[in-house]
Amino acid sequence: PVTPELLVSPSSQDGDLGSECPEDRGNWTGRLDFLLSCIGYCVGLGNVWRFPYRAYTNGGGAFLIPYFIMLAICGIPIFFMELSLGQFSSLGPLAVWKISPLFKGVGMGTILIVSLVAIYYNMIIAYVLFYLFASLTSDLPWQHCGNWWNTDLCLDHHIIKAGNAAFPVNITNTVSPSEEYWSRYVLHIQGSSGIGDPGRIRWNLCLCLLLSWTIVYLCILKGVKSSGKVVYFTATFPYLILVMLLIRGVTLEGAWKGIRFYLTPQFDHLLSSKVWIEAALQIFYSLGVGFGGLLTFASYNTFHQNIYRDTFIVTLGNAITSILAGFAIFSVLGYMSQELGVPVNQVAKAGPGLAFVVYPQAMTMLPLSPFWSFLFFFMLLTLGLDSQFAFMETIVTAVTDEFPYYLRPKKASFSAVICIALFLMGLILTTEGGMYWLVLLDDYSAGFGLMVVVITTCLVVTRVYGIKRFCRDIHMMLGFKPGPYFRACWMVLSPATMMALLVYNIVKYQPSEYGSYRFPAWAEILGILMGVLSCLMIPIGMVVAVFQEEGTLWERVQQASRPTMDWGPSLEENRTGLYVASLPGSQSPKPLMVHMRKYGGITSYENTAIEVDREMEEEEESMM
């Protein structure tokens with residue numbers, strides 16, 4: 001008897017075909033690898049140094065109301081959408097645009113944004129390493145004045161405390177030792193007159209940057225198989241340190257003064273649009289949507305992994321971590337304000353100012369200060385590293401998925417090339433004027449460009465690909481369809497909120513600044529071009545996609561906007577229903593029956609596929 005061609009797999013037809021197939025891209029090796037990687041990616045430096053400050057400046061405890069509303073409208077739906085796209089296709093941020101090749105430029109824009117962010121993010125990790133090594137001493141170097149880098153304005157907190165006991169000390173025109181250590185010793189910023197005069201390379205910072213890139217490379221050497229194991233430590237250990245810092249903080253004298261300052265609700269702030277925008281921005285950047293990291297991580301999942309459950313665990317866990325970090329930070333700031341005899345708002349700062357000036361200064365006031373300082377910076381190191389793993393994995397996966405035959409077998413070498421290239425690009429950040437470049441990258445690399453990328457993704461999935469088809473794909477993958485909440489957010493609420501964010505950012509545009517330094521016009525233009533370039537990738541990608549098709553212009557656009565023939569689940573056994581017809585050798589009018597004959601029996605997920613097929617048939621009949 002002759003076996004029908006239909007039921008013969010391509011590999012059994014041609015024995016040499018297997019050698020031409022690309023190397024397997026791999027999967028997570030443990031059950032918790034994916035979940036911990038997502039938690040590590042989302043819970044980063046911003047949770048510690050941005051959220052607490054944003055909360056207290058935008059209504060204290062009242063800020064949590066818009067924060068959780070924005071989490072529900074903007075955070076959770078987009079997070080789930082990214083995970084679904086990645087898991088369904090098992091493709092990186094570039095190849096996933098087989099869903100609609102016309103918009104492949106969105107993926108190119110994502111890679112450009114992530115590359116720029118990875119350059120400066122690793123520089124922040126280098127600063128953390130610098131402080132970590134500086135904490136390995138019996139006396140912290142930023143504890144006292146009198147060092148070669150200190151000026152006459154330096155005033156030791158011990159003198160302030162002793163002075164306040166007898167008579168008030170005027171601290172208005174003074175500088176703390178920790179501030180001078182940061183700006184005059186670590187950065188040596190006095191050697192640069194501005195962004196156009198970077199000065200000399202600071203070799204100690206350069207070595208720290210080299211070390212941070214070496215650590216990142218060694219951890220992503222074998223892709224998710226190695227980074228998936230490292231996150232068991234880097235994603236969980238920060239929580240242990242955070243709890244230790246929290247317990248130590250709340251037992252300090254004056255701690256409740258800081259916590260009260262952090263959480264006292266000011267409900268009148270809720271009438272301000274700025275507070276709602278700030279809440280949405282915090283959600284947007286904290287969850288890391290649009291950077292491609294979530295999509296990349298999900299692409300290494302098995303096809304039926306319950307990402308619906310994982311979405312709620314990660315997003316809510318991230319929010320709770322931010323709130324906890326606020327308690328740990330503000331309890332220490334309350335103690336510090338009491339020690340210095342000044343209000344809390346005079347010591348509270350955000351960003352690098354909190355991590356490298358205020359908190360280190362607070363550490364010097366505690367017994368066993370080097371121990372607490374080491375713990376704090378070790379926490380920042382682990383928080384930063386797993387976010388950096390995600391950025392690098394995104395870049396490497398995106399490119400290797402585009403060229404699987406050539407790059408996948410050489411993934412370790414390709415990762416090394418990327419790390420070396422980004423290290424060399426980041427060398428300007430290790431100069432005396434490097435902080436100016438870091439601020440420029442931070443302000444513009446992932447600003448409005450990232451929002452345009454996320455808005456476009458949302459609109460393409462729901463309008464071009466179609467919300468019904470996307471929900472069917474999720475039904476086939478998870479066994480149930482997303483409810484009205486997700487549909488409403490994807491169709492209307494999430495894009496509208498992000499459009500409001502984008503408009504707000506453009507209308508309320510403010511030039512970059514670092515302390516009292518104002519950036520020159522050419523630097524501002526360069527920053528804006530960074531953001532615009534990632535947006536320009538979208539029309540450039542459209543032009544390329546249209547030229548690759550045939551027919552009239554409108555026919556080309558229509559063809560380029562449709563999914564490619566090989567779009568769908570990557571493994572043959574997961575391609576049920578609609579997707580079996582696109583496999584090599586499948587020409588059956590009833591592809592699901594062929595699939596059942598080949599793989600034996602009907603699983604619960606194949607039952608789902610039968611339902612999907614039936615729905616499609618009913619829709620076709622109703623249209624006729």
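A donor-acceptor pair under 3.5 Å is formed between the side chain of R25 and the backbone N or O of S299. In this structure a side-chain-to-backbone donor-acceptor pair under 3.5 Å is present from Q87 to F303. With hydrogens and angles ignored, the 3.5 Å screen pairs no side-chain donor or acceptor of W28 with any backbone N or O of G228. In this structure a side-chain-to-backbone donor-acceptor pair under 3.5 Å is present from S561 to Q558. Judged by distance alone, the side chain of N47 and the main-chain N or O of G44 form a donor-acceptor pair under 3.5 Å. When atom types are taken as modelled, the side chain of H304 and the backbone of M477 share a donor-acceptor pair closer than 3.5 angstrom. Distance alone, capped at 3.5 Å, places no donor-acceptor pair between the S90 side chain and the G86 backbone. Not one N or O on the side chain of R472 forms a donor-acceptor pair closer than 3.5 Å with the backbone of I467.
You'll find the side chain of Y239 reaches within 4.5 Å of the side chain of T321, heavy atoms only. The shortest side-chain heavy-atom distance between S445 and I113 does not fall under the 4.5 Å cut-off. The closest side-chain heavy-atom distance from I125 to N122 is below 4.5 Å. A 4.5 Å side-chain heavy-atom check between H475 and K481 finds at least one atom pair inside the cut-off. Between L450 and S534 the shortest side-chain heavy-atom distance does not fall below 4.5 Å. When side chains are defined from C-beta on, V224 does not count as touching D33, because their heavy atoms never get closer than 4.5 Å. Residues W97 and T457 meet the side-chain proximity criterion, which asks for heavy atoms closer than 4.5 Å. The shortest distance between side-chain heavy atoms of I124 and L438 falls below 4.5 Å.
For W437 and Y120, the ring centers sit 6.0 Å or farther from each other. With ring centers used as reference points, Y300 lies 6.0 Å or more from F34. Y41 and F389 have their aromatic ring centers separated by at least 6.0 angstrom. Taking the six-membered ring wherever Trp is involved, the centroid distance between the rings of F470 and F88 does not fall below 6.0 Å.
Once rounded to the nearest 0.5 Å, the distance linking OG of S413 with CD1 of I418 reads 12.0 Å. Here CD1 of I241 is found 10.0 Å from OG1 of T236. Values are rounded to the nearest 0.5 Å. Separating the CZ atom in F79 from the CG atom in L295 is a distance of 11.5 Å, to the nearest 0.5 Å.
The 12-atom threshold is not exceeded at NZ of K222, counting heavy atoms of other residues, nucleotides or ligands nearer than 6.0 Å. Within 6.0 Å of the CZ atom in F312, the count of heavy atoms belonging to other residues, nucleotides or ligands exceeds 12.
Partners of A416 according to the side-chain contact (heavy atoms from CB on, under 4.5 Å) rule, which considers only residues two or more places apart in sequence or in another chain, are Y217.
Using cut-offs of 30° and 60° on the angle between ring planes, the pair F291 and Y285 is tilted. F237 and F378 have perpendicular rings, their planes meeting at more than 60° on a 0 to 90° scale where under 30° would count as parallel.
Taking the charged nitrogens against the carboxylate oxygens, R408 and D401 do have a contact shorter than 4.0 Å, which makes a salt bridge. Between E402 and K104, at least one side-chain nitrogen of the basic residue sits less than 4.0 Å from a carboxylate oxygen of the acidic one, meeting the salt-bridge criterion. We find that E393 and K411 are joined by a salt bridge, their nearest charged nitrogen and carboxylate oxygen being less than 4.0 Å apart.
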